[in-house]
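Side-chain atoms are counted along with the backbone in the values below, which use heavy atoms only and exclude waters and symmetry mates.
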Amino acid sequence: MALVWQDRKRIIFGLPWSFTKYKLYDDKFQICTGFLSRKEEEIRLYRIMDLTLQKSLGQRIFGMGTIKVESADKTTPEFLIKNIKKPDTVRDLLSDKVEVARRKNRVSGREYMSADDIDDDDDDN
């Protein structure tokens, strides 16, 4: 598996003084947190459903942003990729990798819909 992108969560003034690392591979996204006690969360890319880019004024001043990710993963249905550099580029890269992973695994958005989401227009009285 090739590492495509990695960065750290940044804090004040955009400095990477944090123990949270983000790694994007060809088929998964990994979040590593902690210093003494480590936690690694792994999300398969084909499970990602939606990406939203958020930039506060402070983040825009320092060239940072946060990407909100919604997934079909049971343990991590929603997570934030907080305070990263070049968030526009990362969002586009992640979006492209998600589409490639979906095609590779033959997954479509319909597979994540529940029965309540399907609109049935005909009257089946």
Would you indicate whether the side-chain heavy atoms of L24 and V90 approach each other to under 4.5 Å?
-> no
When rounded to the nearest 0.5 angstrom, what is the spacing between OH in Y22 and CD1 in I67?
-> 9.5 Å
Any chance you could measure D7, atom CG, to K86, atom NZ, to the nearest 0.5 Å?
-> 10.0 Å
Any donor-acceptor pair under 3.5 Å linking the side chain of R44 with the backbone of D73?
-> no
Validation row: I81, L94 side chains within 4.5 angstrom (heavy atoms) = yes
The reported gap from CZ in R8 to SG in C32 (rounded to nearest 0.5 angstrom) is 10.0 Å
Closest approach of G63 to P87 (non-hydrogen atoms, all atoms of both residues) | O-CD, 4.0 Å
In this structure, CD1 of I12 is separated from OG of S18 (nearest 0.5 Å) by 13.5 Å
Taking a hydrophobic cluster as the set of Ile, Leu, Val, Met, Phe, Trp and Tyr residues connected by side-chain heavy atoms closer than 4.5 Å, whether directly or through intermediates, do F13 and I61 fall within one such cluster?
-> yes
V100 with V107, same ILVMFWY side-chain cluster at under 4.5 Å = no
Side-chain contact test, heavy atoms from C-beta onward, threshold under 4.5 Å: evaluate it for I31 versus T20 and give yes or no.
-> yes
Audit row: I84, W5, side chain to side chain contact (heavy atoms under 4.5 Å, CB included) steps and yes/no | CA-CA 11 Å; I84 55 170; W5 170 85; 4.2 Å; yes
Between CD on residue E70 and CG on residue L51, distance to nearest 0.5 Å | 9.0 Å
For T75 and E41, does a side-chain donor sit closer than 3.5 Å to a side-chain acceptor?
-> yes
Give me the one residue out of E42, Q30, K97, Q6 that meets side chain to side chain contact (heavy atoms under 4.5 Å, CB included) with Y25.
-> Q30
I43 and L53: same hydrophobic cluster, using ILVMFWY side-chain contacts below 4.5 Å?
-> yes
Hphob cluster co-occupancy, M64 + F79, side-chain heavy atoms under 4.5 angstrom = no
Does the side chain of K9 reach to within under 4.5 Å of the side chain of T33, using non-hydrogen atoms?
-> no
Can you name the one residue among Q54, K82, Q59 that meets side-chain hydrogen bond (donor to acceptor under 3.5 Å, both in side chains) with T66?
-> Q59
Transitively linked via ILVMFWY side-chain contacts under 4.5 Å: L80 with M49?
-> no
Are any side-chain N or O atoms of R38 and backbone N or O atoms of G34, one a donor and one an acceptor, separated by less than 3.5 Å?
-> yes
CG on L45 to NZ on K104, rounded to 0.5 Å | 10.0 Å
